[in-house]
Structures are given as C-alpha cells and as structure tokens.
Amino acid sequence: MTNETIKQQLSEHFPATTEWEEPYGMLTFSVPAGDNLEVLQYLYNNESMQFQFLTDLTGIHYPDRTGEELCVVYHLHNLVENVRIRMKCYVSVANPDIHSATSVFSGANWMERETYDFFGINFQGHPDLRRILNVDEMDYFPMRKEYPMEDPTRMDKDDEMFGR
Amino acid sequence: MTEHHIKLAEESLEKQTTTINVGPTHPATHGVFQNIMEIDGERVISTEPTIGYIHRAFEKIAERRPYYQITPLTDRLNYCSAPINNIGWHLTIEKLVGMEIPKRVQYLRVIIMELARIADHIVCNSVIAVDTGALTPFTYVFQWREKIYEIYEEICGSRLTTNIGRIGGFERNFTEAAWQKLHDFVEGFPGMLKEFEALLDRNRIFMDRCIGAGPISAERALNYSFTGPNLRAAGVDYDVRVHSPYSSYEDFEFDIPVGTTGDVYDRYLVRNKEMWESLKIINQAIEKIKGLDPNVYHADAPDFYLPEKAAVYTKMEALIYHFKIVMGETDLPVGEVYQSVEGANGELGYYLISDGGRSPYRLHFRRPCFIYYQAFPEIISGGLLSDGIVTLSSLNVIAGELDA
C-alpha cells in the first residue's frame, strides 16, 4: 500500500476529496464536512484500506478562510501495513456541525469532547457532548484565534518592535 | 413512625445502590481527577470520570511562545518521564526544519529516553504493589529512580521537570560523572529489578488481586486507541520505536513484550519486561557510542541550536546566533508535521502547524493517557471497587498528561 494507491482508490470512491498533499511523507487530504463519517467508515471497513486505528483527532481555527474557518483533523493509522494518513474536514464557524466518529471509534469520544470544548465544533451523534477540560460554565471556545494569549494592547512583543 | 429526623435525599432509602466520590484529591487516584461511582455493595455499576482539574492550557500558551521555550511545557505533561516528552518535541522541530542529527546525539537521546521509561515504569509498577497492600517493593525500587534522577542532574541540572537537551542536541556533553553514574546504574539495577520481581511476580496475594482485574480485549483496546504498555498487555505488539523508528531506534535489537488478557497483572508484567528491554537498549547504546567521536553532542545547525552560554559571552558568532534565535529572526519552514515517540504510557504525538512565524500556529499534543483513560468506566464496570483502584494505577494515568 502506498500513498499513490490510497489516493487513487479514495478519489475514485469519493470524487469530492480535495487538497491532496504529502507533507513530510504523510498523505493528507480533505473531504467535505458532510461526508466525514462515510469516508471514515469506508477507510475502516474496506478490505484494502483498513485504517482501523484513530491516532488523533483535533481542531484548528483559520479565521481567514471565510466560510470554512474551523478544521477537524483526523490522524488514521493502518497498523497492519503501518501507513498513516491525515484527513481534514472544514466547517464554518457560523454552522460548525459535523458527524461524530464515535460510532466507528470508541476512542473518538473524549477527543471530540476536547475539540468541542476548545473550538466549539458540534459533533452530531456524539453520545455526551460536554466540555471536558474547561469548566462547564464557560461560554466561549478558548482555542479560537480571536482570544489572544496575552493582553492585546501590549506593544512590546509586537513584531514591529523587532523590525519584522 | 415513618418520620425521619435527619433529612435524607429523596428516594435515598429505597435506593439499592450507593453513590461515592473517588477524588479529586484521593490517595488512591494518584493524581487530581474525580470519579463518581455508583456501587452496589462492592460492585461498580457505573463510573463518571471528571478531569481537567489541572488543565494549564499548554496548547494555547504554545501559540505565543518561541519554539525553544515550548520544551518546558512538555515537561509537565507526563512528569514521570519528562525527558521523553522533551526529546519528542525536539524531534518534531528537527523534522520540520529537516535537521541532520549526528549518530552520537541520537544514541545519547536513546539512553536518556530509556532511562526515563525505566523511571516511569518503576513508579507505575511499584504503585500497583502499594495499592494491593505491599509498600516494601516501592521503597526499594524508588532508590533506583533516585539514581536515574541523579543521572539527569549530571546531564541537565534538574530532576523531575528536566527541560533536557535543546533543538539539535544537548546543551553540554555527558560528563565523566554522568557516565560513571550510568555505569553504576546499569550494573546495579538488574539486581534490584530481579528482587522486585521475586517479591511480586509469583506473590499469591499480589496475583489474586491482579489477575482478572480490569481486563480489556485487544479489539476494544484498539477501538479505544490504546497505545503503549496498556495496548501491548492486551496482545497487540504496536510500538512506535519499531513501527516508526525515530532517533535511530532501528539500530537496536530489542523485543516487544506482549500480554494476553490485558488485565492488571499483564500490564504489570509487560512493564517489568520492558524495563529489561530498556536496559538492553541502554547497554547497546553505550557500546555503540564508544566508537564515535566523543566531542559531538549537538548537530551542526547554528540557526536553531542555542549556543553554549560561555560561547555567547566570548564569541561574536555565538552571540549573533543566540540573538537571532532568541529574537526569532530565523525563518522556519511553513508546513505541518506529525511526530510521535513511544512515551512511557504510549504514543506521544506532536501535531505542529507552522506558518513560518516564531511560534507555532497550532500545536496539539496527542496524550496517550487522555485517550485511554476514557475506557476506564468500561473496564471496571461489573468488577469490585478495589479492582477499580488497582486498575487505575495499572493504567498509569498521569494527571499532567491527562489535562495538558
């Protein structure tokens, strides 16, 4: 199994997959948010795919990508052939709904709760989508880029101070 | 008379089960997390774990920090084996910039990482013994964890949260004293480990408490994304050191111990056997290093490797590079990289997105503890409460890693 064969087979079954890349050797692609569960199930069940290990699931916020600000990243691993792939799904910040992967991977449960907790991505079909690391009363999603780490009025760490 | 003088919660008299609180600060949890358990006599019916008590927002902090300042954050994930986290982070950056690391540095790192693995497994296994009522083995092996910490001290100056090494290698070469302590350790520790095993491996009480407690099948463990000793105890021989070798692990010969039933006893045995394998690796690394140039302890990458402090004060070139690194003048490649290492608890992954700036655009830690601890309610339900406590310590849940 090589990146090339995965790419070929997957793009035949799911023509909507885009953004094929291979950063540092790991095959990366993105699928439309609505198809995420279908693709995960296909990757899990198909004889020649067998991506049955969910290594990681997390979110990224790109405020500049209008209409698809939030990204959900899945790292999948085929343990038999020892191949890793990375799958991305983009959703908008206004309507951050995506299917939950908990029906395929039990381990996705807390990873999705964490992603919800920090990015506000709404995993539909999740059995118990609550905050996990932050307090329940919190009413914002702190890993989004609009919440700066430090006092935004502080000038001494701005790039222009360093001639950048 | 049906009237009660003490006000009881509604239906509490009719209720057949009891709700108890284990944690957040409970001696049996060995860390700050809470379990609300529903028990029927001694049987656990359900568990509701609550975590996040020591969440420190490392992923957010990292977005504002230059790369070399993120190493101390990784210390505080799994603080029982901090050097593995540190070196995993250095490897991530080195992969991002495509840095060539000399063999000697890679082998030195292997020695440190395997020492850290031993230190971590010592804690976990001896604490299983403590939770089953045997305090003595704990006091014996902890002397040897102390000796490992003394080796760290010789190398980097600190003990628990080590901040060991730098991007590109180590801040200084191993001293004579460090090598001496390392030799003392590899000579003395096998004797202690044998004694430790003799105390517990076939101990009737220990076996009765551990065999069959908190089991998980290989299939469920994989579905729960288990990694590390907990997965291997269930019978899956997945080890990052073998499957995606880093830091020249492919040069070493060692076995991956696996269990069969995935219960507490198997997890204990797997960790013990791994300590023997780690010793094997350390011995091989010491041998391999002998043939290499003893003065090499970092890569030749002045753009990213922070120069020695003494050189910064005396050499113009070192001062310039120091300034460039600290002020973030060096350009980093734009890209995304996933680098994983075999932490003491499992696959510790760093998912880094760089936009070319001086700090990460996004950094995510794949924390093995966080991922496998969610299986805890499933593993212990139906078992005895005391089995639940032993299971908790055998899973080796480290609160720092759980909460990031």
Side-chain angles (χ1 to χ4, degrees), chain A residues 21 23-26 28 44 52-62 71 73 75-77 79-86 88 102 104-115 117-119 128 130-136 142-145 147-150 157 159 161-164, chain B residues 48-57 59-65 95-96 98 219-227 231 236-238 242-244 327-329 333-340 347 349 351 353 357-359 361-362 364-367 370-375 378 402-404:
Chain A
E21 277 178 291
Y24 300 90
M26 195 190 283
T28 306
Y44 188 95
Q52 300 187 340
F53 191 85
L54 177 67
T55 304
D56 193 26
L57 190 165
T58 192
I60 315 166
H61 186 202
Y62 293 109
C71 176
V73 189
H75 282 85
L76 299 163
H77 198 163
L79 290 175
V80 183
E81 305 250 355
N82 194 22
V83 178
R84 292 174 193 267
I85 53 170
R86 185 187 289 135
K88 293 180 175 179
T102 41
V104 187
F105 301 104
S106 312
N109 189 322
W110 279 19
M111 298 192 224
E112 286 181 353
R113 277 180 69 184
E114 190 191 24
T115 311
D117 192 355
F118 288 102
F119 291 93
D128 181 25
R130 285 181 293 130
R131 287 188 181 272
I132 187 161
L133 292 178
N134 291 309
V135 287
D136 294 340
M143 283 295 284
R144 288 191 183 168
K145 291 285 179 187
Y147 302 108
M149 252 305 291
E150 286 168 74
K157 285 195 178 176
D159 276 358
M161 293 298 172
F162 303 105
R164 286 191 287 265
Chain B
E48 170 68 46
T50 309
I51 65 166
Y53 287 95
I54 58 163
H55 174 58
R56 294 143 297 177
E59 290 178 7
K60 189 79 184 177
I61 296 173
E63 287 177 10
R64 186 75 179 175
R65 281 211 181 178
K95 190 172 178 180
L96 179 74
E219 197 190 334
R220 289 304 292 153
L222 281 172
N223 204 252
Y224 265 121
S225 300
F226 269 46
T227 42
L231 178 66
V236 184
D237 63 341
Y238 173 62
V242 176
H243 282 76
S244 333
M327 290 304 181
E329 295 286 329
V334 179
E336 56 185 324
V337 53
Y338 177 81
Q339 167 74 38
S340 59
E347 178 171 343
Y351 177 43
I353 298 176
R358 66 198 290 256
S359 37
Y361 183 78
R362 169 92 173 97
H364 178 70
F365 305 113
R366 184 214 190 264
R367 311 180 307 280
F370 175 76
I371 290 165
Y372 66 63
Y373 182 53
Q374 59 186 311
E378 183 179 315
L402 201 58
D403 292 351

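Just so it is clear: chains get the letters A, B, ... in the order the sequence lines come, proteins before strands, and each one is counted from 1.
With a 4.5 angstrom heavy-atom cutoff, Val73(A) touches chain B only via side-chain atoms. When heavy atoms are compared at a cutoff of 4.5 Å, Tyr147(A) approaches chain B by way of both its backbone and its side chain. Both the backbone and the side chain of Thr55(A) come within contact range of chain B, each with at least one heavy atom under 4.5 Å from a heavy atom of that chain. Only the backbone of Arg144(A) comes within contact range of chain B, with heavy atoms under 4.5 Å apart. Of the atoms belonging to Asn109(A), heavy atoms from both backbone and side chain fall under 4.5 Å from chain B. For His61(A), the part sitting under 4.5 Å from any heavy atom of chain B is the backbone (N, CA, C, O) and nothing else. The part of Ser340(B) that comes within reach of chain A is its side chain, from C-beta onward, which places non-hydrogen atoms under 4.5 angstrom from that chain.
Remark: Thr58(A) pairs with Arg362(B), His364(B) by the side-chain hydrogen bond (donor to acceptor under 3.5 Å, both in side chains) rule, at least two apart or across chains.
Atoms NE2 and CD, on His75(A) and Glu347(B) in that order, are 10.0 Å from each other to the nearest 0.5 Å. We find the CD1-OG distance between Ile371(B) and Ser106(A) to be 13.0 Å, quoted to the nearest 0.5 Å. Of the inter-residue distances, the one linking Asn82(A) atom CG with Tyr238(B) atom OH reads 7.0 Å to the nearest 0.5 angstrom. Atom CZ of Arg86(A) sits about 4.0 Å away from atom CD of Glu336(B), to the nearest 0.5 Å. We find the CH2-OH distance between Trp110(A) and Tyr372(B) to be 11.5 Å, quoted to the nearest 0.5 Å. Taken from CD in Gln339(B) to CE in Met26(A), the straight-line distance is 9.5 Å, to the nearest 0.5 Å.
Of all the heavy atoms in His55(B) and Leu133(A), the pair that sits closest is ND1-CD1, 3.8 Å. Across Asn223(B) and Val104(A), no two heavy atoms sit closer than the pair ND2-O, 3.1 Å.
Here Ile60(A) is the residue among Asn134(A), Thr28(A), Ile60(A) with the most heavy-atom pairs under 4.5 Å with chain B. Between chain B and the residues Arg84(A), Met111(A), Glu21(A), the most heavy-atom pairs under 4.5 angstrom are made by Arg84(A).
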